[in-house]
Trainee: 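Can you read through this structure? Questions will come right after.
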2 protein chains.
Amino acid sequence: MTPEDDVCEIKAVDGKKVRAIRRSMLTDHEAVSLSETFSVLADPTRTKIIYALSREELCVCDIASLLKMSLSAVSHQLRILRNMRLVKFRKESKMVYYTLDDEHITTLFHEGLKHIRE
Amino acid sequence: MTPEDDVCEIKAVDGKKVRAIRRSMLTDHEAVSLSETFSVLADPTRTKIIYALSREELCVCDIASLLKMSLSAVSHQLRILRNMRLVKFRKESKMVYYTLDDEHITTLFHEGLKHIRE
DNA sequence: TCGATAGTTGAATATATGTTCAAGTGTAAT
DNA sequence: ATTACACTTGAACATATATTCAACTATCGA
């Protein structure tokens, strides 16, 4: 057994199998960014926002009205989407218009939608 | 304005635009199941388990050793994956062997992985 | 039968997350 | 200037979730 295999007390491990998989295993960093990516889509409010923006550019007001939610709640969620660089926005006088800005997420989104609709 | 548009005090809504999108909007149920689907992949421990099982059938011990986590923690996560019908298992004497049991999730998983690795 | 091993489970704890509320910013109209 | 509007933001709160711990089941070997 190599040192990295005996970090726990477990006896019944197939060491060879485990080492083979460990060689190609996701790094901690990969696992975290992967799960963070999926986390964006792991909330119904955000999936609705993403769906709506996949149809058309919308201001915060439009989204709030569409989802029947408060401006504040929507704005908080848009900030998350902004931080993850999934949406971009333009300001026109007092209004702020959002659009989708990541085709990968759109692809994931539609894969997932296909999945639940089958 | 139709009654469904004035649930909030917002004035600057583009009613026509909003109504058009609302017609094809995700239902609450769709949004919830979609986000639940993505929630499965929204945790680094589970993404690692799914990755490992995409390579080979493994017992709980193997997974715990691979992830350097407690049996209990792994077992709790496997229960979530079982409840979502993403893994299946077979018992062989004292050991329980898990395998992946949902190709859709595997597809989503690899889409996401492609995304973060680009 | 007894002890050891593989795994599950419920309760407890800690942390993350979503919404609300209240206060703030910036722009435009009066 | 002042008011109204379209947001944004920080704090507070409630809820969800991941891990640990301890207790439990079930199977195997001595």
Side-chain angles (χ1 to χ4, degrees), chain A residues 6-15 17-18 28 31-32 35-50 57-84 87-98, chain B residues 7-14 17-18 28 31-32 35-50 57-84 87-98:
Chain A
D6 56 9
V7 281
C8 64
E9 307 303 310
I10 299 165
K11 303 293 161 71
V13 174
D14 184 334
K17 209 193 239 183
V18 168
D28 284 351
V32 168
S35 62
E36 280 173 352
T37 300
F38 287 116
S39 294
V40 176
L41 297 161
D43 173 81
T45 298
R46 286 194 297 273
T47 61
K48 285 183 177 183
I49 292 176
I50 288 171
E57 179 187 66
L58 293 168
C59 70
V60 185
C61 253
D62 286 339
I63 300 171
S65 164
L66 186 61
L67 307 195
K68 306 185 185 188
M69 288 180 62
S70 70
L71 273 183
S72 178
V74 169
S75 186
H76 277 295
Q77 294 300 340
L78 286 169
R79 182 160 56 129
I80 292 172
L81 296 174
R82 251 163 32 221
N83 289 344
M84 299 290 279
V87 297
K88 63 183 177 209
F89 61 95
R90 69 182 175 87
K91 293 185 180 176
E92 185 177 316
S93 75
K94 283 185 289 187
M95 325 257 282
V96 181
Y97 288 94
Y98 282 85
Chain B
V7 281
C8 65
E9 308 305 309
I10 299 165
K11 303 291 163 70
V13 175
D14 183 334
K17 210 194 240 184
V18 168
D28 284 350
V32 168
S35 61
E36 279 173 353
T37 300
F38 287 115
S39 292
V40 177
L41 298 161
D43 173 80
T45 298
R46 285 194 296 272
T47 61
K48 285 183 177 182
I49 292 176
I50 289 171
E57 179 188 67
L58 292 168
C59 69
V60 185
C61 254
D62 286 340
I63 299 171
S65 165
L66 185 62
L67 307 195
K68 306 186 184 187
M69 289 181 61
S70 70
L71 274 181
S72 178
V74 169
S75 186
H76 277 297
Q77 295 300 339
L78 285 170
R79 183 161 54 130
I80 293 173
L81 296 173
R82 249 162 34 219
N83 290 345
M84 300 290 278
V87 298
K88 63 184 175 206
F89 62 94
R90 67 180 176 89
K91 292 186 182 176
E92 186 178 316
S93 77
K94 282 186 292 187
M95 325 257 283
V96 181
Y97 288 95
Y98 282 86

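A, B, ... follow the sequence lines: proteins, then strands. Residue 1 opens every chain.
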Trainee: Counting only side-chain N and O atoms of Arg79(A), is one of them less than 4.0 Å from OP1 or OP2 of dG18(C)?
Mentor: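 Looking at the OP1 and OP2 atoms of dG18(C), neither is under 4.0 Å from any side-chain N or O of Arg79(A).
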
Trainee: If I take atom NZ in residue Lys48(A) and atom P in nucleotide dT19(C), what distance separates them, rounded to the nearest angstrom?
Mentor: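 Nearest whole value for this atom pair: 10 Å.
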
Trainee: For Lys88(A), what residues pass the salt bridge (Lys or Arg N to Asp or Glu O under 4.0 Å) criterion, not counting sequence neighbours?
Mentor: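 Result, salt bridge (Lys or Arg N to Asp or Glu O under 4.0 Å) vs Lys88(A): Asp101(A).
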
Trainee: What is the ring orientation for Phe38(B) with Phe38(A), classed by angle as parallel under 30°, tilted 30 to 60°, or perpendicular over 60°?
Mentor: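 Rings of Phe38(B) and Phe38(A): parallel, under 30°.
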
Trainee: Rounded to whole Å, how long is the line connecting atom CG of Leu67(A) with atom C1' of dT19(C)?
Mentor: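 About 13 Å, once rounded to whole Å.
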
Trainee: How many whole angstroms separate atom OH of Tyr97(A) from atom P of dA6(D)?
Mentor: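 Value for this atom pair: 10 Å.
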
Trainee: Atom CZ of Arg90(A) and atom C1' of dC7(D): how far apart are they, to the nearest Å?
Mentor: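 Going from CZ in Arg90(A) over to C1' in dC7(D) covers 15 Å.
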
Trainee: Could you tell me whether the side chain of Ser35(A) and the main chain of Ala31(A) form a donor-acceptor pair under 3.5 Å?
Mentor: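 Checking the backbone N and O of Ala31(A) against the side chain of Ser35(A), a donor-acceptor pair under 3.5 Å is found.
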
Trainee: Excluding sequence neighbours, so at least two apart, what forms salt bridge (Lys or Arg N to Asp or Glu O under 4.0 Å) with Glu36(B)?
Mentor: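 Checked Glu36(B) against salt bridge (Lys or Arg N to Asp or Glu O under 4.0 Å); zero matches.
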
Trainee: Enter the inter-axis angle for the ends of the helix from dT1(C)-dA30(D) to dT30(C)-dA1(D) (five pairs per end, rounded to 10°).
Mentor: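 Computed angle between terminal axes is 10°.
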
Trainee: Write down the protein N/O and nucleotide N/O pairs, taken from nucleotides 14-21 of chain D, whose separation is under 3.5 Å; answer none if there are no such pairs.
Mentor:
unit_1: dA18(D); atom_1: OP1; unit_2: Arg46(B); atom_2: NH1; d: 3.2
unit_1: dA18(D); atom_1: OP1; unit_2: Arg46(B); atom_2: NH2; d: 2.9
unit_1: dA18(D); atom_1: OP2; unit_2: Arg46(B); atom_2: NH1; d: 3.2
unit_1: dT19(D); atom_1: OP1; unit_2: Thr45(B); atom_2: OG1; d: 2.8
unit_1: dT19(D); atom_1: OP2; unit_2: Gln77(B); atom_2: NE2; d: 2.9
unit_1: dT20(D); atom_1: OP2; unit_2: Ser70(B); atom_2: OG; d: 3.3
unit_1: dT20(D); atom_1: O4; unit_2: His76(B); atom_2: NE2; d: 3.1
unit_1: dC21(D); atom_1: N4; unit_2: Ser72(B); atom_2: OG; d: 2.6

Trainee: How close or far is atom P of dG29(D) from atom CE of Met95(B), stated in whole angstroms?
Mentor: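 Distance, rounded to whole Å: 12 Å.
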
Trainee: Partners of Arg79(A) by salt bridge (Lys or Arg N to Asp or Glu O under 4.0 Å), sequence neighbours excluded?
Mentor: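 Salt bridge (Lys or Arg N to Asp or Glu O under 4.0 Å) check on Arg79(A) returns nothing, list empty.
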
Trainee: Mind checking Ser75(B) for me? I need base, sugar-phosphate or nothing, with any heavy atom below 4.0 Å counting as a touch.
Mentor: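 The residue Ser75(B) makes base contact.
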
Trainee: May I have the distance from Leu71(A) (atom CG) to dG24(C) (atom P), rounded to whole angstrom?
Mentor: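 Computing the Leu71(A):CG to dG24(C):P distance gives 18 Å.
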
Trainee: With distance as the sole test, does Ser75(A) use its side chain to make a donor-acceptor pair with the main-chain N or O of Ser72(A) at under 3.5 Å?
Mentor: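 Checked: no pair found.
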
Trainee: Figure out the CZ/C1' separation between Phe89(B) and dA26(D), and round it to whole Å.
Mentor: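 Taking CZ of Phe89(B) and C1' of dA26(D), I get 14 Å after rounding.
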
Trainee: Please name all residues satisfying salt bridge (Lys or Arg N to Asp or Glu O under 4.0 Å) with Arg90(B), sequence neighbours left out, ordered by chain then number.
Mentor: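 Partners of Arg90(B) under the salt bridge (Lys or Arg N to Asp or Glu O under 4.0 Å) test: Glu57(B), Glu92(B).
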
Trainee: I'd like to check Leu41(A) versus Leu41(B) (side-chain heavy atoms, cut-off strictly below 4.5 Å). Are they in contact?
Mentor: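 When only atoms from C-beta onward are counted, Leu41(B) and Leu41(A) do not touch, as no gap falls below 4.5 Å.
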
Trainee: Could you tell me the separation between the CG atom of Leu78(B) and the P atom of dT8(C), rounded to a whole number of Å?
Mentor: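 So the two atoms are 7 Å apart, to the nearest Å.
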
Trainee: What is the nucleic acid contact for Tyr98(A), judged by heavy atoms within less than 4.0 Å: base, sugar-phosphate only, or nothing?
Mentor: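 Answer is sugar-phosphate: Tyr98(A) comes under 4.0 Å of backbone atoms only.
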
Trainee: Pick the nucleotide of DNA chain D nearest each of Ser93(B) and Val74(A); which residue has the one closer to the 5' end?
Mentor: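 Closer to the 5' end of DNA chain D: Val74(A).
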
Trainee: Name the residue from Asp62(B), Thr45(B), Val60(B) that meets the side-chain contact (heavy atoms from CB on, under 4.5 Å) definition with Val74(B).
Mentor: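 Only one option passes, and that is Val60(B).
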
